[in-house]
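Chain letters run A, B, ... following the sequence lines, proteins first and then strands; every chain starts at 1.
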Amino acid sequence: MCGRFQLSVKGKHISERFNVEVFDEMYKPSFNCAPGQNLPVITNTEPGKLSFFKWGLVPFWAKDPKIGNKLINTRAETILENPSFKAAFTRRRCLVPANGFFEWKKGTKKIPFRVLLKNENLFAMAGLWETWKDQENNMLHTFSIITTQPNELMTPIHNRMPVILNREQETVWLKSTNSDELISLLTPFQSDEMEVYPISDLINSPFNNSQSVISNVKPDTLKPPF
DNA sequence: CCAGACGTTGTT
DNA sequence: GTCTGG
DNA sequence: CCAGACGTTGTT
DNA sequence: GTCTGG
């Protein structure tokens, strides 16, 4: 799955890479982006700017916004069958910019890993967004990250991974209205363009947010199967 | 027809 | 809102 | 995802 | 164990 990620670059880089307007008073780099936080996304309806939405999708018909705590991810395989996601898939898609994401490998001890592109570039995860209104009509904007099967690199660590789009796919994801074409984007990213390394437990607490949370704890064991 | 659910992950 | 179950 | 809380009553 | 908050 994807329950934590990293977006620790300067606003200028996001602006250049995704061709969006970034307001520096809104954007703060983070080594530890966690569910429940307001985080930057690029929406299909306003693709020229960064929007700040809360991670954890609240469907517009929900009675209780707490459901968002559970909907931080959306399974690609069932996205069209799910009442919670169908409408958003059709009309409200977004990109979630990141320069790393984190997964925990289960074992006798739970070990966190950082996953990134080999070239250390920014990338975009595929997401859905929603607008929910409370009784006073106050709006709440939320999003969810789409997950798919793991690629070869991820398989030793976890049974899911976020959908990462390449540059051409990013445009399609925001602009297409063809369901088949959109669905065809939701596949595992190329393993040979990615890398992974183990990090310390510092990542576990969402309150830790410094460079140290992404420090490699075992420099000699960069390659799977560890 | 109405009522009630609507999710992912991992683990057992 | 939309689907499933009764 | 992980961390941390998880309750009621009445009184201050 | 299960839910909420970050």
Side-chain angles (χ1 to χ4, degrees), chain A residues 1-8 28-41 52-92 96 98-116 125-135 137 139-150 154-164 179 186 188 196-210 212-214 217:
Chain A
M1 76 176 309
C2 182
R4 213 71 77 77
F5 66 92
Q6 171 193 6
L7 180 59
S8 57
K28 289 286 174 285
S30 172
F31 290 97
N32 203 344
C33 299
Q37 297 175 349
N38 275 313
L39 297 165
V41 298
F52 291 82
F53 290 1
K54 188 172 173 174
W55 188 4
L57 195 88
V58 179
F60 64 91
W61 42 259
K63 292 192 181 72
D64 186 349
K66 288 193 174 83
I67 193 174
N69 293 327
K70 299 176 179 176
L71 305 188
I72 64 172
N73 292 137
T74 301
R75 289 180 70 87
E77 295 89 334
T78 52
I79 200 167
L80 276 176
E81 298 154 23
N82 256 311
S84 301
F85 304 125
K86 199 174 177 180
F89 174 77
T90 307
R91 299 177 182 283
R92 291 179 291 279
V96 184
N99 60 324
F101 65 89
F102 306 108
E103 298 285 2
W104 282 257
K105 183 184 168 72
K106 289 270 183 182
T108 47
K109 188 179 180 299
K110 214 170 201 180
I111 304 170
F113 290 84
R114 178 184 178 215
V115 187
L116 68 159
M125 299 184 285
L128 303 178
W129 62 277
E130 278 282 6
T131 301
W132 180 85
K133 290 178 184 172
D134 68 14
Q135 290 186 324
N137 253 18
M139 290 200 289
L140 174 69
H141 297 295
T142 60
F143 73 96
S144 180
I145 294 173
I146 300 174
T147 63
T148 185
Q149 297 171 317
M154 292 301 301
T155 298
I157 297 173
H158 216 72
N159 63 343
R160 305 292 295 170
M161 70 180 286
V163 170
I164 297 172
S179 291
L186 306 181
V196 57
Y197 64 86
I199 56 177
S200 80
D201 288 340
L202 282 176
I203 190 69
N204 291 8
S205 171
F207 295 104
N208 292 331
N209 199 330
S210 69
S212 60
V213 305
I214 62 161
V217 294

Using OP1 and OP2 only, check whether a side-chain N or O of [X] sits under 4.0 Å from [N].
| X | N | answer |
| --- | --- | --- |
| A:Arg75 | B:dT8 | no |
| A:Thr78 | B:dT8 | yes |
| A:Lys110 | D:dC2 | yes |

For [X], which contact category applies under a 4.0 Å heavy-atom criterion: base, sugar-phosphate, or nothing?
| X | result |
| --- | --- |
| A:Phe60 | sugar-phosphate |
| A:Phe85 | sugar-phosphate |
| A:Trp104 | sugar-phosphate |

Item to check | Atom-to-atom span, CD1 of A:Ile157 to P of D:dC1 - whole angstrom | outcome: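 Nearest whole value for this atom pair: 15 Å.
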Next on the checklist: In whole Å, I'd like the distance from the CZ atom of A:Phe31 to the C1' atom of D:dC1.
Outcome noted: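 In whole Å, D:dC1 C1' and A:Phe31 CZ are 19 Å from each other.
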Pairwise N/O distances under 3.5 Å, protein to nucleotides 3-6 of chain E:
| from | atom 1 | to | atom 2 | distance (Å) |
| --- | --- | --- | --- | --- |
| E:dG6 | N9 | A:Pro35 | O | 3.3 |
| E:dG6 | N7 | A:Pro35 | O | 2.8 |
| E:dG6 | N2 | A:Arg4 | NH2 | 3.4 |

Item to check | Intermediate values then yes/no, side-chain contact (heavy atoms from CB on, under 4.5 Å), A:Met161 and A:Gln149 | outcome: CA-CA 6 Å; A:Met161 70 180 286; A:Gln149 297 171 317; over 6 Å; no
Item to check | Residues within residues 140-150 of chain A bordering DNA chain C, heavy-atom distance below 4.0 Å | outcome: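 Residues of residues 140-150 of chain A that come under 4.0 Å of DNA chain C do not exist, since none gets that close.
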Item to check | Heavy-atom donor-acceptor pair, A:Thr148 side chain to A:Ala76 backbone, under 3.5 Å | outcome: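 Side chain of A:Thr148 to backbone of A:Ala76, a donor-acceptor pair under 3.5 Å: no, none is there.
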Checklist entry - Any ion pair linking A:Lys63 and A:Asp134 (charged N to carboxylate O, less than 4.0 Å)? => result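 Salt bridge between A:Asp134 and A:Lys63, a charged N being under 4.0 Å from a carboxylate O: no.
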Next on the checklist: Between the side chains of A:Arg92 and A:Glu130, is the shortest nitrogen-to-carboxylate-oxygen separation below 4.0 Å, so that they form an ion pair?
Outcome noted: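 Yes, A:Glu130 and A:Arg92 are salt-bridged.
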Item to check | Spacing of the P atoms in B:dT9 and D:dC1 (rounded, Å) | outcome: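 Pairwise P distance, D:dC1 against B:dT9, rounds to 8 Å.
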Next on the checklist: By the definition ring-ring contact (aromatic ring centres under 6.0 Å, His included), identify the one residue from A:Phe52, A:Phe60, A:Phe53, A:Phe143 that meets it with A:Trp129.
Outcome noted: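 For A:Trp129, the ring-ring contact (aromatic ring centres under 6.0 Å, His included) check succeeds only for A:Phe53.
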Next on the checklist: Between A:Trp104 and A:Asn204, do the side chains contain a donor N or O and an acceptor N or O under 3.5 Å apart?
Outcome noted: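 Yes, because at least one side-chain N or O of A:Asn204 sits under 3.5 Å from a partner of the opposite role on A:Trp104.
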Checklist entry - Partners of A:His158 by ring pair (Phe, Tyr, Trp, His ring centres under 6.0 Å), sequence neighbours excluded? => result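 With neighbours one apart ignored, the set is empty.
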